[in-house]
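Only this structure's heavy atoms are used, side chains among them; waters, hydrogens and symmetry mates stay out.
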Amino acid sequence: MLRSMTGEVQQLCAVLDGLRAGVLKKLAGLSEADARRSTVDSGTNLAGLIQHLTFVESLWFEEIVAGRKATRGKRSMQVDPTVSLKDLRADYRAACETSNEIVASIGDADAPVTRNGKTHDLRWAILAVIGETSRHAGHADIIREQIDGTTGR
């Protein structure tokens with residue numbers, strides 16, 4: 001898939017894929033209860049972060065880049081108790097795969113992307129998702145450490 005992309009887009013996607021993997025790793029070995037447990041006053045929790053990042057992927061790549069309707073995730077950090085951690089992970093992985101397919105179909109960092117009537121480029125959109133994902137990966141690091149002491153990437 002990456003062969004159709006420019007070197008710059010491949011590098012940006014590699015960084016994003018690394019961040020995505022790191023966020024998913026923070027869920028490894030957690031119970032449903034611990035994944036939903038918040039250790040901060042805002043209520044942020046690991047399950048909620050995955051749900052939110054699924055929304056981020058869908059919003060930026062499906063809607064903003066591809067011009068379709070965002071189909072996955074929720075902006076909220078509050079996860080419906082009937083949604084399993086397994087389903088949250090699968091939905092995030094599917095959103096990331098769709099994002100990668102969209103990016104690969106365009107392939108050029110300079111390709112135009114329009115949001116709110118302003119034209120940017122694909123690079124701008126990928127960097128926005130890198131920024132959002134890295135911010136939340138940091139939140140996930142702290143929350144996981146507070147839950148059970150697990151640290152590292």
Between CG of L49 and CZ of R144, what distance do you get to the nearest 0.5 Å?
-> 13.0 Å
T133 (side chain) donor-acceptor with I130 (main chain) under 3.5 angstrom = no
For V9 and G107, work out which heavy atoms get closest and say how close.
-> CG2-O, 3.5 Å
Does E32 use its side chain to pair, donor to acceptor, with the backbone of L85 at less than 3.5 Å?
-> yes
Rounded to the nearest 0.5 Å, what's the gap from CD on E101 to SG on C96? Could you check?
-> 11.5 Å
Kindly say whether G43 contributes a backbone atom to a donor-acceptor pair with the side chain of N45 at under 3.5 angstrom?
-> yes
Kindly give the heavy-atom pair with the smallest separation between S38 and V40, and that separation in Å.
-> OG-O, 2.9 Å
With D34, which residues qualify under side-chain hydrogen bond (donor to acceptor under 3.5 Å, both in side chains), at least two apart?
-> none
Closest heavy-atom pair, V129 versus F61, reported as atoms and distance to 0.1 Å, is CG2-CE1, 3.6 Å
Are any side-chain N or O atoms of S58 and backbone N or O atoms of F55, one a donor and one an acceptor, separated by less than 3.5 Å?
-> no
Working to the nearest 0.5 Å, report the span between OG of S31 and CG of D148.
-> 9.5 Å
So which heavy atom on D80 is nearest to which on R36, and how close?
-> O-NH2, 3.5 Å
Shortest non-hydrogen pair, V103 vs C13, comes out as CG1-SG, 3.6 Å
Can you measure from CG (L19) to CZ (R135) and round to the nearest 0.5 angstrom?
-> 11.5 Å
Spell out, as yes or no, whether a donor-acceptor pair under 3.5 Å connects the side chain of H52 to the backbone of S76.
-> no
List the steps, then state whether side-chain contact (heavy atoms from CB on, under 4.5 Å) holds for H120 with I64.
-> CA-CA 11 Å; H120 305 277; I64 295 169; over 6 Å; no
Calculate, to the nearest 0.5 Å, the distance between atoms CD and OG1 belonging to E62 and T71 respectively.
-> 3.5 Å
Heavy-atom nearest pair, K26 first then A140, reads CG-CB, 3.9 Å
Roughly how far, to the nearest 0.5 Å, is OG1 of T39 from CG of L46?
-> 8.0 Å
Evaluation steps, side-chain contact (heavy atoms from CB on, under 4.5 Å), between L122 and D108 | CA-CA 7 Å; L122 180 60; D108 180 6; 5.9 Å; no
Under 3.5 Å, side chain of Q51 to main-chain N/O of Q78, donor-acceptor pair present?
-> yes
Enumerate, atom names and distances included, each donor-acceptor pair closer than 3.5 Å involving a side-chain atom of residues 109-118, sequence neighbours excluded.
unit_1	atom_1	unit_2	atom_2	d
D110	OD1	R123	NH1	3.2
D110	OD1	R123	NH2	2.8
T114	OG1	T119	OG1	3.4

Under 3.5 Å donor-acceptor, R72 side chain and E57 backbone | no
Please report the C-alpha distance between N100 and R20 in whole Å, then the side-chain angles of each, then the deciding distance to 0.1 Å, and finally whether the side-chain contact (heavy atoms from CB on, under 4.5 Å) criterion is met.
-> CA-CA 12 Å; N100 286 344; R20 292 165 171 161; 2.9 Å; yes
Take L24 and R93, measure what side-chain contact (heavy atoms from CB on, under 4.5 Å) needs, and give me the verdict at the end.
-> CA-CA 9 Å; L24 284 169; R93 286 185 182 111; 3.8 Å; yes
H136 vs V23 side-chain heavy atoms within contact, under 4.5 Å | no
